[in-house]
Amino acid sequence: MAGKPTPLSGFPELLPEQRIVEQQVVDTLRHTFELYGFGGIETRAVEPLDQLLRKGDTSKEVYLLRRLHEESAEGHAGMGLHFDLTVPFARYVLENAGKLEFPFRRHQIQKAWRGERPQEGRFREFTQADIDIVGRDALPFHHDVEVTRVMVDALTRLTFLPGFRLQVNNRKLIQGFYAGLGIDTGDEVMRLVDKLDKLPVEKVRELLVSEAGVDEATADRVLSLAEIRTADATEVARLVGDLGVDHPLLAEGVDELTRLLDGVADLVGDRVRVEADLSIARGLDYYTGTVFETRLAGYESLGSICSGGRYDSLASDGRTTYPGVGLSFGVSRVIVPLMARTGLAADRSVPSVVLVALTGEDSRPASDAVATALRSRDIPCEVAPSAAKFGKQIRTAERRGIPFVWFVQPDGTHQVKDIRDGNQVDADPAAWTPSAHDLRPTIVSTEPPTEEQHP
RNA sequence: GUGGGCGUAGCUCAGCUGGUAGAGCAUCGCGUUGUGGUCGCGAGGGUCGCGGGUUCAAGUCCCGUCGCUCACCCCA
């Protein structure tokens, strides 16, 4: 009954050379977030069940905590693992409202858990990286622009990943447009429009008529709005205006969306684009203004890999309301499929840039001394595990992707060999330094496949 | 939760209408006795997911079960 353990579906684990990729993604995100003054927090893994279930009928996706010796009538402890970082954050804000400075900005990079059936990019245990800004009673719109700028900057710095396309819309714009058309089933219409990336337009038109009860002319105008897509801030007002609908909320939404595109224009580039996409709505729940989705170039079937938006009531204690705006980047969702599909990984499986060769166990102190000298100058290195033949020691380095092997010569001098080109030179343990490029593992960047290309 | 596909060596897989288990890559050794990669030769490695059934005989057929996987549902 011994046998090899098998992987647990939905609980991905990485090899060392893959974990390096994940850590570099997380390090880059954190570094960028902190450049903008977002401090980090970590919340506990569990929340009371009533907190987790406030947002709807998702109880079946929550992992419950239960003692083996559970005796309560419910059969569980009344606690569950959090399924995102927003709900725990909202609770944290309320709990610590008296001690926090508002507007409060934080980043949070943690695991989350969902009991759903795993698929590519969708796991039961996964890592997310969130930024949010929360105000007390009010939160000016410029913060919507700010979080977008932070995330665009962060994505831009993930140079070893494919490009990103951030799609932005605004709930006020949609709701104002629907109100201007006299639609009174706005939520239902929005939910159907949100399916445009899965169902053909004709099908959605049918559903709008049959399920949302709008007439065909109205359905066509709803779809015309949803077809609007532009990266040009000045185009938004013109394209929406051409549809001839008038409503104060619509005007407000157009203005916000325009300001947002304007506000990030200087940061966008080839790898990270931002565009207005008026079909984006996000799940119905609590977004009230700006909404975001993000596609990974060449991996559109993964769906949105970085989402978020504005919620006028992220949290409320009954007396005070805390509006927020934020974005959530799906770390696992992006990197695990890339590793599976393209072999994305670091060029070595260990941090070491040098393997110090070993001539014999009696000379291990001499090799250790070399390693100590290198480490004192922040050069990661390791000493060979055994005094095997030098050919084997070199092979050990090669298999781990370590680029340099260090030899202590019989006369006590030193040489270091770059095993990639075979070049071997005299070196001083107190002075030799690898190139900055070699010092840390490098991620082999991935080119997007050209086949995939859809919504 | 529903439906399909697949479980054979470390990995990728072959194995026909049942007849005692294979390849490539990887690993280890030797050629080359302290400077790798190429090349050549050789070796090790398997309760064929698990349980039951049919049969003289099951990796192969049947039933069950577990796992993985894809799609649907869902996606706060």
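The chains referred to below are lettered A, B, ... by the order of the sequence lines, with proteins before strands, and numbering in each begins at 1.
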Starting at atom [atom1] of [X], determine the distance to atom [atom2] of [N], rounded to an integer number of angstrom.
X: A:Asp418; N: B:U35; atom1: CG; atom2: P; value: 19 Å
X: A:Glu116; N: B:C72; atom1: CD; atom2: C1'; value: 13 Å
X: A:Glu13; N: B:C68; atom1: CD; atom2: C1'; value: 15 Å
X: A:Asp421; N: B:G37; atom1: CG; atom2: P; value: 16 Å
X: A:Leu85; N: B:A76; atom1: CG; atom2: C1'; value: 12 Å
X: A:Trp406; N: B:U35; atom1: CH2; atom2: P; value: 20 Å
X: A:Lys389; N: B:G36; atom1: NZ; atom2: P; value: 9 Å
X: A:Phe126; N: B:A76; atom1: CZ; atom2: P; value: 11 Å

Using a 4.0 Å heavy-atom cut-off, does [X] contact any base of the nucleic acid, only the sugar-phosphate backbone, or nothing at all?
X: A:Lys417; value: base
X: A:Gly422; value: base
X: A:Leu358; value: base

Classify the ring geometry of [X] against [Y]: parallel below 30°, tilted from 30° to 60°, perpendicular beyond 60°.
X: A:Phe104; Y: A:Phe102; value: perpendicular
X: A:Tyr287; Y: A:Tyr311; value: parallel
X: A:Phe329; Y: A:Phe164; value: perpendicular

Flag as yes if A:Tyr286 stacks onto the base of B:A76 (centroids under 5.5 Å, planes under 30°), otherwise no.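 No; centroid distance or tilt outside limits.
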Given [N], is OP1 or OP2 found less than 4.0 Å from the side-chain N or O atoms of [X]?
X: A:Lys195; N: B:C75; result: no
X: A:Arg395; N: B:U35; result: no
X: A:Ser9; N: B:U69; result: yes
X: A:Gln119; N: B:A71; result: yes

Considering only the [atom1] atoms, how many Å lie between [N] and [M], rounded to the nearest integer?
N: B:U38; M: B:C63; atom1: P; value: 48 Å
N: B:G37; M: B:G19; atom1: C1'; value: 45 Å
N: B:U54; M: B:C61; atom1: C1'; value: 8 Å
N: B:U35; M: B:C41; atom1: C1'; value: 23 Å
N: B:A23; M: B:C48; atom1: C1'; value: 16 Å
N: B:U17; M: B:A57; atom1: C1'; value: 16 Å
N: B:U12; M: B:C68; atom1: P; value: 16 Å
N: B:A71; M: B:C28; atom1: P; value: 38 Å

Among residues at least two apart in sequence or on other chains, which ones pass side-chain hydrogen bond (donor to acceptor under 3.5 Å, both in side chains) with A:Arg273?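 Per chain and number, A:Arg273 pairs via side-chain hydrogen bond (donor to acceptor under 3.5 Å, both in side chains) with no residue.
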Only counting residues at least two apart or in another chain, list the ones meeting ring pair (Phe, Tyr, Trp, His ring centres under 6.0 Å) with A:Trp432.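 Here the qualifying residues are A:Phe404, A:Trp406.
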Taking atom types as modelled, find out whether A:Arg400 and A:Ser352 have a side-chain donor-acceptor pair closer than 3.5 angstrom.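 There is no such pair (donor and acceptor under 3.5 Å, judged by atom type) between the side chains of A:Arg400 and A:Ser352.
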Pairing donors with acceptors under 3.5 angstrom, does anything connect the side chains of A:Thr43 and A:Gln108?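 Side-chain D/A pair, A:Thr43 to A:Gln108: present.
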Can you tell me whether the side chain of A:Arg122 and the base of B:C74 have a donor-acceptor pair closer than 3.5 Å?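 Yes, the side chain and the base share a sub-3.5 Å donor-acceptor pair.
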Determine whether a donor-acceptor pair (one donor, one acceptor, N or O, separation below 3.5 Å) exists between the side chain of A:Gln393 and the base of B:U35.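 Answer no: no donor N or O sits under 3.5 Å from an acceptor.
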For A:Phe89, does the six-membered ring have the charged nitrogen or CZ of A:Arg106 within the cation-pi criterion, i.e. under 6.0 angstrom from the centroid and within 45° of the normal?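 Because its charged atom sits under 6.0 Å from the ring centre and within 45° of the axis, A:Arg106 does stack over A:Phe89.
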What pairs of residues pass the ring-ring contact (aromatic ring centres under 6.0 Å, His included) test when at least one of them lies in residues 125-155 of chain A, not counting sequence neighbours?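 Every pair satisfying ring-ring contact (aromatic ring centres under 6.0 Å, His included) with a residue in residues 125-155 of chain A: there are none.
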So if I take every side-chain heavy atom of [X] and compare against [options], which nucleotide ends up nearest?
X: A:Lys392; options: B:G37, B:U33, B:G29; answer: B:G29
X: A:Ile419; options: B:G36, B:U35, B:A76; answer: B:G36
X: A:Arg399; options: B:A71, B:C68, B:C28; answer: B:C28
X: A:Glu120; options: B:U35, B:U33, B:C70; answer: B:C70
X: A:Glu61; options: B:U2, B:A76, B:G29; answer: B:A76

Which is more 5' along RNA chain B, the nucleotide nearest A:Arg124 or the one nearest A:Arg333? Just name the residue.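 It is A:Arg124, whose closest nucleotide lies nearer the 5' terminus.
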Which donor-acceptor pairs under 3.5 Å do side chains of residues 317-324 of chain A form with protein atoms, sequence neighbours excluded?
from     : atom 1 : to       : atom 2 : distance (Å)
A:Asp317 : OD1    : A:Arg319 : N      : 2.9
A:Asp317 : OD1    : A:Thr320 : N      : 2.6

Centroid separation under 6.0 Å, is that true for the rings of A:Phe38 and A:His107?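 Aromatic pair excluded; centres sit 6.0 Å or further apart.
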Both atom distances under 3.5 Å, Watson-Crick or G-U wobble: I'd like the secondary structure of RNA chain B as a dot-bracket string, with | for pairs made across strands. (((((((..((((.....[..)))).(((((.......))))).....(((((..]....))))))))))))....
When rounded to the nearest 0.5 angstrom, what distance separates CE in A:Met151 from CG in A:Asp153?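 If I round to the nearest 0.5 Å, the distance is 11.0 Å.
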Report all interatomic pairs (protein N or O, nucleotide N or O of nucleotides 9-11 of chain B) with separations under 3.5 Å.
from  : atom 1 : to     : atom 2 : distance (Å)
B:C11 : OP1    : A:Lys4 : NZ     : 3.2

